[in-house]
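Here the structure comes first, spelled out in structure tokens, and everything after it is commentary.
Given the structure is predicted, the values throughout are model-derived calculations rather than measurements. As a basis for the values below, the full set of heavy atoms in this structure was taken, side chains included, without hydrogen atoms, waters or symmetry mates. Naming convention: chains lettered A, B, ... in sequence-line order (proteins, then strands); numbering from 1 in each chain.
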There are 4 protein chains.
Amino acid sequence: MATGETTNGKRKGARAAARPQADSQPRTTRGRKTRERLLSAARTMFESKGFLDTRVSDICDEAGLAHGTFYIYFPTKEDIFYTLVDEVVADRFLLTAVPDDFEGNVADRFAYTLRQYFDEMRRAKDFSRIVEQVATFDEHMRENRMAIRRKFRGRIQHGIERLQQQGAADPDISAELTAEAMVAMINNFAYINLILGERDDLDLDQVVATLTNIWARSLSLDIEKANANDAKRAPKTRKT
Amino acid sequence: MATGETTNGKRKGARAAARPQADSQPRTTRGRKTRERLLSAARTMFESKGFLDTRVSDICDEAGLAHGTFYIYFPTKEDIFYTLVDEVVADRFLLTAVPDDFEGNVADRFAYTLRQYFDEMRRAKDFSRIVEQVATFDEHMRENRMAIRRKFRGRIQHGIERLQQQGAADPDISAELTAEAMVAMINNFAYINLILGERDDLDLDQVVATLTNIWARSLSLDIEKANANDAKRAPKTRKT
Amino acid sequence: MATGETTNGKRKGARAAARPQADSQPRTTRGRKTRERLLSAARTMFESKGFLDTRVSDICDEAGLAHGTFYIYFPTKEDIFYTLVDEVVADRFLLTAVPDDFEGNVADRFAYTLRQYFDEMRRAKDFSRIVEQVATFDEHMRENRMAIRRKFRGRIQHGIERLQQQGAADPDISAELTAEAMVAMINNFAYINLILGERDDLDLDQVVATLTNIWARSLSLDIEKANANDAKRAPKTRKT
Amino acid sequence: MATGETTNGKRKGARAAARPQADSQPRTTRGRKTRERLLSAARTMFESKGFLDTRVSDICDEAGLAHGTFYIYFPTKEDIFYTLVDEVVADRFLLTAVPDDFEGNVADRFAYTLRQYFDEMRRAKDFSRIVEQVATFDEHMRENRMAIRRKFRGRIQHGIERLQQQGAADPDISAELTAEAMVAMINNFAYINLILGERDDLDLDQVVATLTNIWARSLSLDIEKANANDAKRAPKTRKT
DNA sequence: TATGAATGAGGATTCATTCAT
DNA sequence: AATGAATGAATCCTCATTCAT
């Protein structure tokens, strides 16, 4: 025992020490499967009981594994949650990209993106609710959410600025604040109505049309001008 | 998290047994003062540590009272929180009412309300954050929040419908969905920017102007027509 | 929850946070009694099972208290041990002081001190064994032991130096190394024979005589000269 | 700590069930090498983290082997430690033997032995510290230590008795107690100063001289007489 | 009312050891 | 022989809540 070691050494030392190999990638197929089982069970439990009410043992029970097994793969409950988020949510932003061969004007594109986003939210409804929950007390998760939001806002802001440059949108409005407002509107609309499911009877087509309309009007969007520019910018998508 | 779940589950099995008189109004002056001290201490602690991290003993320590004293006044930690919410947040909705003698058109009125709301949010910034946190896992709190939101949305929706009837707003838009979108926009804008303080440098005047503009444009608001009607409806505010 | 709070907040935060009031002095008689019961039970358990094998719950069971009660009074098992050591061992050094009216020469004084020390070791035999155990892995305890040892050695060294100045001891030996050797001899003799009880049949009188003799001879002590000086130094003890 | 207790109790209830062939000598070269790697890794870990803080998995990691491999060679952590002790410490006693052709009187011989012992202690400083640690809670180890000590003491006692018979040492002192005291002095001096390294600046030559002097004086050793006898006893070392 | 001591269910985590491959 | 996944008993510690005074 190195002089200057921790006090007791037995428990304390062990506890403080770097976690063994937890979170390491399993080396065998069996291990990989077990890890998957844990992730799947964790998602099930988080979605049904929430993050706070889910115990590590709940996850293990659900996965049909001993308690100790959990710690071979994940150091804490937080970690398995982060991993889930990365796998489930991370690429959500990418999903909303408009395909290259998309046919339609700038408003159609906005509507398309919106629809993608809403569909994804509906799909991952339960998990998304938990993500929001965790973000209210977990700094790490909050930052994660904010980063995605900033990206999202940046994209909208950038779109507005381009339209302004094209003379297709009111040059006097603040692209930044308007974008911020649009993100707030979209996110919260989805959270309240799709995730919390406050109103299950919503017609998503109508919703998308309404929000797209708000967006267009708030910019005083001139679709003709925008279209003209679009055509010039990406002629390849127009090739017969 | 199954809707209707307990708050956080930690003490699930805890004795929910016969509580003496907890939560009853204290009969003596001294008792009333103690209750106030607890409420004040609770708010301080909730705001600084969050709901989950605040222990009943933290509240008592902050209030300079023995742990047991707490239960004379409140049966659980949740209860003191609800009480606080009722006292702090309850009348938030009322605060946004436009005074009778308000001078200005319908957009000014919207802007005024918005400003009131934002100011209040800024004022109760810390507490509001905790309310949002609790609403993500506490059914009771969530319902509370939704009720306020529904009221808020109803007011906006009603306003839109009236403007439509007056021929001052596009009759083809869905007043309901548009109102829902506006509430989402306003609430989330305030939450992210004022409560979480993502951007502390915001010029509230500009924000209010931007959001009001979005609202107006999304309705294709015709202020002249709206004004005319307003004048007829409430001539008393125009007297002098 | 202050922005920038810890990650999860629920468990982690709590665990990392400053322990509540543990280790505070109990305010009531009942509390003081309970603390005493815990200390007494801890000593019993430590002595019978050793430090490592004693569980906090063992102590509580022995004391007839609930597990949680322990943590009202002591933050960890280490702490209750330190407290015990302070109460049981701390003044061991003082115990070996020779009384003011002691009759006898310098060798008698040495023998007296030795006897005191041995008696005390025998008395606290079981606890002393545990102290030695803990000192092998607990830095805090080790330092505690070393400090006492340094004091002890200092006293012996000082005694040798004085005798050398008086011309009563060989001036050519290293007072420091000789003192160190004497302490090693005394401590280890006591540890092996009295604490571990390797040989229960020891005649302490003979042991004290033997060790005193070794000490005297190793200094080439001249008792006559030492006595003469002693008489001069402390005539009051000689006043008939 | 009840004598005969398990080492540390942690895994008391652990399955002490049928161990396959553990501890058997490996039959292949590869097996022998693996066993060596484990022993070497174990020593490294024990020396750096102490016995209690060293996990079986630490040893395996250090050895670059899978955790399961350990149990092919050693049934428990204790066992690999005992094996190490046997290999590292066992012959320590032998090392202190004075060579046949040693030139010098009886005090020189004592000094030589002492020096050998101190050198060896310094060499195996880290491991020795751990051995002392384990001896405080492991009955098996304690007995091991005591056996060595008894041998050591026996040798010194025997030496004293012979000198007394030769008329070279005070016949009135207890050879047994004096020997016990000398062993205590030597062991503890080495433990505190060489193993714990309380004082790193020690001049070993001076230390050996001082302790040898103490030994000689405590016997009232008459070197001349002792030499004379020595010469008679072992004339062969004088041949040439 | 107020106090503060006592309770004990509850959950996280570790790690020696076994086992299937 | 070697691997590394799986096990689960064991222990620590917290804190909401009750109770005796």
Give me the distances for all protein-to-nucleotides 2-4 of chain E N/O pairs that come in under 3.5 Å?
from	atom 1	to	atom 2	distance (Å)
E/dA2	OP1	B/Thr34	OG1	2.8
E/dA2	OP2	B/Tyr73	OH	2.4
E/dT3	OP2	B/Ala66	N	3.4
E/dT3	OP2	B/Thr69	OG1	3.1
E/dG4	N7	B/Gly68	N	3.2

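- Within the 3.5 Å criterion, the main-chain N or O of D/Met141 finds no donor-acceptor partner in the side chain of D/Asn144.
- Applying the ring pair (Phe, Tyr, Trp, His ring centres under 6.0 Å) criterion to B/His140, with sequence neighbours excluded, gives B/Tyr82.
- Of all nucleotides listed (F/dC13, E/dA16, F/dC15), F/dC15 comes nearest to the side chain of B/Arg55.
- Between the CG atom of B/Asp58 and the P atom of F/dT14 there is a distance of 13 Å, rounded to whole Å.
- The CG-C1' distance, from A/Leu38 to F/dA5, rounds to 12 Å in whole Å.
- Each of C/Val56, C/Asp61, C/Thr54, C/Asp53 was compared with C/Met45 under the side chain to side chain contact (heavy atoms under 4.5 Å, CB included) criterion, and only C/Thr54 meets it.
- Checking each of B/Thr34, B/Ile80, B/Leu65 against B/Phe70 for a side chain to side chain contact (heavy atoms under 4.5 Å, CB included) leaves exactly one that passes, namely B/Ile80.
- Side-chain atoms of B/Arg55 come within 3.5 Å of backbone atoms of B/Leu52 as a donor-acceptor pair (strictly under, hydrogens ignored).
- Atom CG in D/Asp79 sits roughly 13 Å away from atom C1' in E/dT17 (whole-Å rounding).
- Atom CE in C/Met45 sits about 12 Å away from atom P in F/dT11, given to the nearest Å.
- Between A/Asp61 atom CG and F/dG8 atom C1' there is a gap of 12 Å when expressed in whole angstrom units.
- For E/dT17, the OP1/OP2 oxygens have a side-chain nitrogen or oxygen of D/Tyr71 closer than 4.0 Å.
- Using a 4.5 Å cut-off on side-chain heavy atoms (C-beta onward), D/Arg142 and D/Phe137 make no contact.
- When the P atom of E/dT13 is taken as reference, atom CD1 of A/Ile80 falls 12 Å away, rounded to whole Å.
- Rounded to whole angstrom, the span from the CZ atom of B/Phe74 across to the C1' atom of F/dT18 amounts to 18 Å.
- Side chain of C/Gln133 to main chain of C/Phe51: a donor-acceptor pair is present (N/O by atom type, distance under 3.5 Å, no hydrogens or angles).
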**Study point:** Residue pair A/Lys33, A/Glu36: steps toward the salt bridge (Lys or Arg N to Asp or Glu O under 4.0 Å) verdict
**Key:** CA-CA 5 Å; A/Lys33 258 188 208 156; A/Glu36 286 311 315; over 6 Å; no

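- In terms of position on DNA chain E, the residue among A/Val56 and C/Arg37 whose nearest nucleotide sits closer to the 5' end is C/Arg37.
- Rounded to an integer number of Å, the gap from B/Lys49 NZ to F/dC15 C1' is 12 Å.
- Between the side chains of B/Thr76 and B/Asp79, at least one donor-acceptor pair of N or O atoms lies under 3.5 Å.
- In secondary-structure terms, DNA chain F builds stems of at least 3 consecutive Watson-Crick or G-U pairs, each pair having both distances under 3.5 Å, at E:2-21 with F:2-21.
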